[in-house]
Amino acid sequence: MYSDKVLEHFKHPKNLGELTDYDGIGFVGDPDCGDHLKVWIKVDDNKISQISFKCQGCPAAIATSSMMTEIVKGLAIEEASKITDHLISVALGGLPEPKEHCSNLGASAIRKAIDDYLAKKA
Ligand code: FES
């Protein structure tokens with residue numbers, strides 16, 4: 001059973017779509033279930049000023065991706081890179097045990113987007 005917050009983010013995802021003016025992209029997929037997530041970030045003054053995502057996956061994958069974007073928006077990249085799957089799950093009021101792995105997508109994708117930004121900047 002999903003929490004009300006999970007259902008809200010699944011039905012009305014925040015920051016959905018694609019940024020055309022971006023500084024980093026992160027793409028991750030789960031080979032076991034086939035779900036995948038792409039994240040775009042815009043960085044200004046070392047902070048994530050804009051973020052968007054596209055996800056093809058289960059309701060929990062979409063909800064955790066949406067919540068991840070809400071958590072990291074406005075954070076310094078050092079802080080955003082520390083986000084964990086557990087933190088995302090807790091922010092949504094928890095996930096059913098078989099769906100705990102879904103929050104890995106968001107946590108991994110934001111780290112990859114930050115790595116991509118740092119690589120381009122270097
Ligand atoms: Fe694999 Fe949701 S079932 S990410």
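Atoms within each ligand, like the ligands themselves, are counted from 1 in listed order.
In this structure, the separation between OH on Tyr2 and NZ on Lys99 is 4.0 Å, given to the nearest 0.5 Å.
The two residues Met1 and Pro96 make their nearest non-hydrogen contact at O-CG, 3.6 Å. Scanning both residues, Cys55 and Ser65, for their nearest heavy atoms gives SG-OG, 4.1 Å.
Side chain of Thr64 to main chain of Ala61: a donor-acceptor pair is present (N/O by atom type, distance under 3.5 Å, no hydrogens or angles).
Protein atoms that are N, O or S and lie under 2.8 Å from atom 1 (Fe) of ligand 1 are these: Cys33 SG, His101 NE2.
Within the structure, side-chain hydrogen bond (donor to acceptor under 3.5 Å, both in side chains) contacts touching residues 15-32 (residues at least two apart or in different chains) are Asn15-Thr69, Asn15-Glu70, Asn15-Lys73, Glu18-Lys54, Asp21-Lys42.
Within a 6.0 Å sphere centred on CG of Asn46, other residues, nucleotides and ligands contribute more than 12 heavy atoms.
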